[in-house]
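Sending over a structure as structure tokens; questions will come in a sec.
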Amino acid sequence: MVTKYNVLYNGKNAFEKGLEKVESTYSDDFTNVLPIEPFSFYAEESVDDDVKPIGQSDFEEAEEKAVKSIQKHSMLIDGEEKNTLIDEAYLLLGKSRYYTKRFTPALESFEYIIKNYPSASLIYETVVWRAKSNIHTGNVNFGKKALLRLLASSRLTDKVRQQAELGVVMAYEQTPDSIEQRIAHLEASLEVVDKGVMASRAAFVLGQLYRKQGDIESSDEAFDRVINTKKGLYKYKLQSKLEKINNHIEDYSTEEFLEEVDHLIFVRKNRPYINKLLFQKGLIYEKADSIQLAKSYYVQSIQKSEQDIHQKMIAYEQLGDLSYDEKKYKSAKSYYDSLIDVSKNEKSLRVIRIKRKSNSLEKIVTTIDAANKNDSLLKVASLSEGDLNAFFQDHIDGIKQAEKNERIKELKALAAQNRATNLEGANSWYFYNSKLRTEGRAEFQKMWKSPRKDGNWFVSSLLTSVGSVKTEEKIKDSVQTNNNTKYDVAYYTSQINRDPKFLDSIAKSRNLNYYELGNAYYNQLKEKKLAVEKLEQLLVFNPSDDLKMGAYYRLYKIYKETGDEQNSNNYKQKLQEEFPKSSFTKLVNNVEEVTVDEEENEYIKCYETIYELYLLNSFDAALEEVNDAKIKYAETDLAPKYALLHAYIVAKIEGKLAFRKLLEEIKLRYPNTDEAKKAQEFLNNK
């Protein structure tokens with residue numbers, strides 16, 4: 001009696017309280033198929049050791065009560081347990097450990113019940129929990145077989161059968177290409193129990209899986225089941241309405257969907273989910289090709305997602321992808337970096353994928369910034385005095401207009417606040433009336449004068465106190481000058497550097513930026529059109545011969561790949577006429593004969609052979625071999641390695657100058673590779 005109505009009763013209550021927190025607080029990522037259980041049971045997406053699972057204090061209390069029941073109320077006499085509730089205490093102990101992610105200790109509790117209480121009324125439920133614990137510890141096949149064997153029994157209660165079916169779904173979640181099996185067991189679980197939190201989650205997962213199969217009709221039916229599930233969580237019901245919209249977002253009219261979402265936004269009950277609804281409006285506008293409107297709603301979704309980390313990440317990724325598609329790589333990287341910053345779990349697949357994408361844009365964004373800066377410097381330096389003055393006057397006018405607009409905005413906001421305050425009545429207390437408060441402040445300042453707190457106001461006051469009036473005036477003049485510089489054309493024009501040496505260095509840097517961008521667009525982003533645009537613009541600048549050679553070769557290759565024979569032959573001819581002895585020309589002339597049909601290990605072996613000749617100081621033989629290999633394997637991943645090895649060999653034969661020349665060529669020809677970085681290190685070390 002004491003066990004049932006005191007210790008164990010309190011333990012079960014604590015467990016139910018923790019379970020309710022898990023089910024309602026866990027933040028699901030609805031962009032992916034949900035796991036059948038809300039794992040990892042963490043309140044935020046994190047795997048840090050210092051972050052506690054949701055409801056841990058409640059589960060710890062339940063575990064404490066279970067242990068107390070066993071220690072103080074067990075009646076094990078002559079090897080027989082006389083207290084019939086001790087098996088329930090062990091089950092509560094195991095389940096509490098399970099929900100704090102201590103699966104091995106949980107298994108010990110379940111195994112103890114199965115071994116010592118084989119005829120207990122809760123033996124089947126214990127088998128389910130043992131199987132689920134095995135699945136989480138990596139024994140997936142064992143857990144799945146145990147559950148399938150259990151499901152063959154006709155003696156299971158509906159609740160235990162539902163748990164067993166969902167346990168099998170958990171096991172199949174670890175197996176690729178198991179959608180059919182997961183659907184079958186989800187359907188079976190819903191036939192047994194069609195109400196409650198787990199039933200609504202199961203129906204939602206079912207809808208996602210049907211959509212993944214392309215069966216939209218069945219998906220809609222499953223989401224309808226979620227909406228109609230009794231005692232299901234409201235967040236699943238609301239999300240199911242949005243998922244049904246997504247099922248048909250390309251088929252039905254935009255206005256119809258917007259009306260539905262606007263209605264959901266209007267419903268007071270949906271205010272906690274306003275971030276998801278705003279994101280949904282963004283999706284609808286994006287599908288309707290209203291990209292700017294879509295972006296505005298994604299931004300609003302982020303602003304409303306103070307605690308919802310998943311939703312913030314999804315919105316940032318969507319904004320980043322839109323900018324990426326628009327070729328706005330700087331904005332895309334900024335959004336991807338914001339996603340990484342808000343994430344609590346650096347090991348999640350989404351964060352790892354976005355980090356790769358962001359890192360791939362790092363060099364491109366840096367180079368774009370450098371190219372834009374150099375372009376601006378050269379453009380401004382080329383202007384005449386009159387054009388320069390007009391240019392900066394326009395800039396100053398823009399600053400003044402922006403400040404004016406900001407001030408007007410502030411005044412309008414103040415006026416609106418005053419109008420709202422005046423509605424409260426003339427008898428409102430002084431400090432609650434912003435109009436009276438503003439007038440009072442002005443009257444006070446008129447009577448008592450406001451203290452001057454310009455730049456260096458503290459120093460000024462000190463100087464005044466010791467009577468250094470002259471120094472104070474100098475500081476005042478300095479502050480006045482600093483405040484007015486942004487409105488002074490001469491301040492800007494005086495900083496223009498027109499020194500020919502400086503401009504020449506800027507032009508060279510700009511040319512290199514364009515060359516690197518052309519190669520990066522081609523190699524990293526596979527954006528051939530952008531690569532052609534940058535490289536052809538580079539040729540307009542009449543760059544140095546090494547950049548011109550590289551640009552000719554890359555343009556030749558791009559046009560050949562796109563089937564533009566005329567432009568391809570044009571750049572091939574330019575290479576042959578202007579740089580007949582360059583390695584680029586040799587590569588172009590022999591490109592038709594290059595056939596790489598050997599296995600990777602064979603041309604690696606070739607590389608090792610040449611390197612061995614190099615180590616043996618057989619430089620002439622190594623040079624002959626590497627020259628052939630450079631042409632033969634030009635289009636393989638080992639091409640830059642052969643080029644660097646060739647540079648080492650030439651250094652031994654021809655000396656430092658030839659070595660540096662080849663390093664420069666490697667840097668230009670194979671940008672963004674490890675070999676190019678090594679070449680740059682050698683060049684920096686001189």
Walk me through it: do F392 and I496 pass the test side chain to side chain contact (heavy atoms under 4.5 Å, CB included)?
CA-CA 11 Å; F392 285 118; I496 303 302; 4.0 Å; yes
Can you tell me if S323 uses its side chain to pair, donor with acceptor, with the backbone of G320 under 3.5 Å?
no
Nearest heavy-atom neighbours spanning S358 and K333:
OG-NZ, 2.9 Å
Should we count CD1 of I408 as having more than 12 external heavy atoms under 6.0 Å?
yes
Answer yes or no: is there a donor N or O on one side and an acceptor on the other, between the side chain of S376 and the main chain of N372, under 3.5 Å?
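Yes; judged by distance alone, with no hydrogens or angles, the pair exists.
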N/O donor-acceptor pair under 3.5 Å between T585 side chain and F579 backbone:
yes
Please round to the nearest 0.5 Å and tell me the distance separating atom CD of Q311 and atom CG of D29.
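The CD atom of Q311 sits 9.0 Å away from the CG atom of D29.
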Backbone N or O of E362 within a donor-acceptor pair of the T366 side chain at under 3.5 Å?
yes
Kindly determine whether L264 and L238 satisfy side chain to side chain contact (heavy atoms under 4.5 Å, CB included), including the steps that lead there.
CA-CA 9 Å; L264 292 173; L238 177 63; 4.1 Å; yes
With side chains defined as the heavy atoms from C-beta onward, is the minimum distance between Q280 and I284 less than 4.5 Å?
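Q280 vs I284: side chains touch.
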Taking all non-hydrogen atoms of both residues into account, name the closest pair between I666 and A679 and its distance.
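Answer, listing the atom of I666 first, then A679: CG2-CB, 4.3 Å.
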Residue K678 excluded, over 12 heavy atoms near NZ under 6.0 Å:
no
Measuring from D504:CG to L378:CG, what's the distance to the nearest 0.5 Å?
10.0 Å
is_close_aromatic(F279, Y297), centroid dist under 6.0 Å:
no
Taking C-beta and beyond as the side chain, do K244 and K241 meet within less than 4.5 Å on heavy atoms?
no
Assess the residue pair K548 and N542 against the criterion (side-chain hydrogen bond (donor to acceptor under 3.5 Å, both in side chains)); give the C-alpha distance rounded to whole Å, side-chain angles, the decisive distance to 0.1 Å, and a yes or no.
CA-CA 8 Å; K548 190 180 287 188; N542 192 25; 3.3 Å; yes
I368 vs K330, test: side chain to side chain contact (heavy atoms under 4.5 Å, CB included). Steps then yes/no.
CA-CA 8 Å; I368 288 173; K330 187 174 181 179; 5.9 Å; no
Between E326 and K295, is a salt bridge (charged side-chain N to carboxylate O under 4.0 Å, His left out) present by the stated rule, with each step listed?
CA-CA 12 Å; E326 293 175 332; K295 285 183 177 180; 2.7 Å; yes
With a 4.0 Å cut-off, would you call R407 and E410 a salt bridge?
yes
Any chance you could lay out the side-chain hydrogen bond (donor to acceptor under 3.5 Å, both in side chains) test for Y336 and D321, step after step, and finish with the verdict?
CA-CA 9 Å; Y336 292 147; D321 289 345; 2.6 Å; yes
Applying salt bridge (charged side-chain N to carboxylate O under 4.0 Å, His left out) to E516 and K363, what does each step give before you reach the verdict?
CA-CA 9 Å; E516 289 177 342; K363 175 69 175 175; 3.8 Å; yes
When you measure from the side chain of S509 to the backbone of S505, do you find a donor-acceptor pair of N or O atoms at a distance under 3.5 Å?
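No, the answer is negative, given that no donor and acceptor are paired below the 3.5 Å cut-off.
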Under 3.5 Å, is there a donor-acceptor pair between the side chain of N519 and the main chain of Y515?
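Yes, the answer is positive, given that a donor and an acceptor are paired below the 3.5 Å cut-off.
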Got a donor-acceptor contact below 3.5 angstrom from the Q495 side chain to the Y491 backbone?
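Pair found, side chain donor or acceptor close to backbone of Y491.
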Write down the atom of L277, the atom of V261, and the distance for their closest heavy-atom approach.
O-CG1, 3.6 Å
Less than 4.5 Å apart, side chain to side chain, heavy atoms only: is that true for V489 and I396?
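V489 reaches I396 side chain to side chain.
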Quick one: does any side-chain atom of N684 pair with a main-chain N or O of Q680 as donor and acceptor, under 3.5 Å?
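Side chain of N684 to backbone of Q680, a donor-acceptor pair under 3.5 Å: yes, one is there.
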How far apart are the C-alpha atoms of Y298 and E286, what are their side-chain angles, what is the distance that settles it, and do they pass the side-chain hydrogen bond (donor to acceptor under 3.5 Å, both in side chains) test?
CA-CA 10 Å; Y298 293 148; E286 183 183 341; 2.5 Å; yes
Is there side-chain contact between Y273 and L242, with heavy atoms separated by less than 4.5 Å?
no
Classify the ring geometry of Y514 against F541: parallel below 30°, tilted from 30° to 60°, perpendicular beyond 60°.
perpendicular
Y324 six-ring face occupied by K357 cation (under 6.0 Å, within 45°):
yes
Go through the steps to decide whether N569 and Y559 satisfy the test side chain to side chain contact (heavy atoms under 4.5 Å, CB included), and finish with yes or no.
CA-CA 9 Å; N569 291 332; Y559 279 124; over 6 Å; no
Under the 3.5 angstrom rule, does the side chain of S343 hit a backbone N or O of L339 as a donor-acceptor pair?
no
How about D308 and K276: do any of their side-chain heavy atoms sit closer than 4.5 Å?
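Result yes, sub-4.5 Å side-chain heavy-atom pair found.
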Do N270 and I265 come within less than 4.5 Å of each other through their side chains, counting heavy atoms only?
no
Counting only heavy atoms not in H395, do more than 12 fall under 6.0 Å of its NE2?
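Buried by this count: over 12 neighbours within 6.0 Å.
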Among side-chain atoms of E306 and N275, is any donor-acceptor pair under 3.5 angstrom?
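No, no side-chain donor-acceptor contact under 3.5 Å.
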Output the distance between atom CD (E403) and atom CD (Q401), rounded to the nearest 0.5 Å.
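The distance works out to 10.5 Å.
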Spacing of R353 atom CZ and E317 atom CD [to the nearest 0.5 Å]:
4.5 Å
If you take all heavy atoms of S305 and K312, which pair is closest and at what distance?
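Scanning both residues completely, I find the closest heavy atoms to be O-CE, 2.8 Å.
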Can you tell me how far apart OG1 (T31) and CG (N246) are? Round to the nearest 0.5 Å.
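Between atom OG1 of T31 and atom CG of N246 there are 11.0 Å.
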R498, CZ atom: more than 12 neighbouring heavy atoms under 6.0 Å
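Buried by this count: over 12 neighbours within 6.0 Å.
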Measure up the Y556 and Y553 rings against each other and bin them: parallel (under 30°), tilted (30 to 60°), perpendicular (over 60°).
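Ring orientation, 0 to 90° scale: tilted.
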Over all heavy atoms of both residues, which pair between L539 and A551 is shortest? Give the atoms and the distance, please.
CD2-CB, 3.9 Å
Is any side-chain heavy atom of Y521 closer than 4.5 Å to one of I364?
yes
Looking only at non-hydrogen atoms, find the nearest pair between L525 and L361 and report the distance.
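Shortest heavy-atom separation between L525 and L361 comes out as CD2-CD2, 4.0 Å.
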Among K528, E561, E527, find the residue that satisfies the side chain to side chain donor-acceptor pair (under 3.5 Å) test when tested with Y522.
E561
Angle class for the Y571/Y552 ring planes (parallel below 30°, perpendicular above 60°, tilted otherwise)?
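Rings of Y571 and Y552: tilted, 30 to 60°.
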With rounding to the nearest 0.5 angstrom, report the CG to CD distance, L517 to E533.
10.5 Å
For the residue pair V351 and M313, establish whether any side-chain heavy-atom pair is separated by less than 4.5 Å.
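Sidechains of M313 and V351: in contact.
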Any donor and acceptor pair, going by atom type alone, linking the side chain of N497 with main-chain N or O of D499 inside 3.5 Å?
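Between the backbone of D499 and the side chain of N497 there is a qualifying donor-acceptor contact (under 3.5 Å).
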Worked verdict on D397 versus Q393 for side-chain hydrogen bond (donor to acceptor under 3.5 Å, both in side chains):
CA-CA 6 Å; D397 292 342; Q393 188 59 55; 3.0 Å; yes
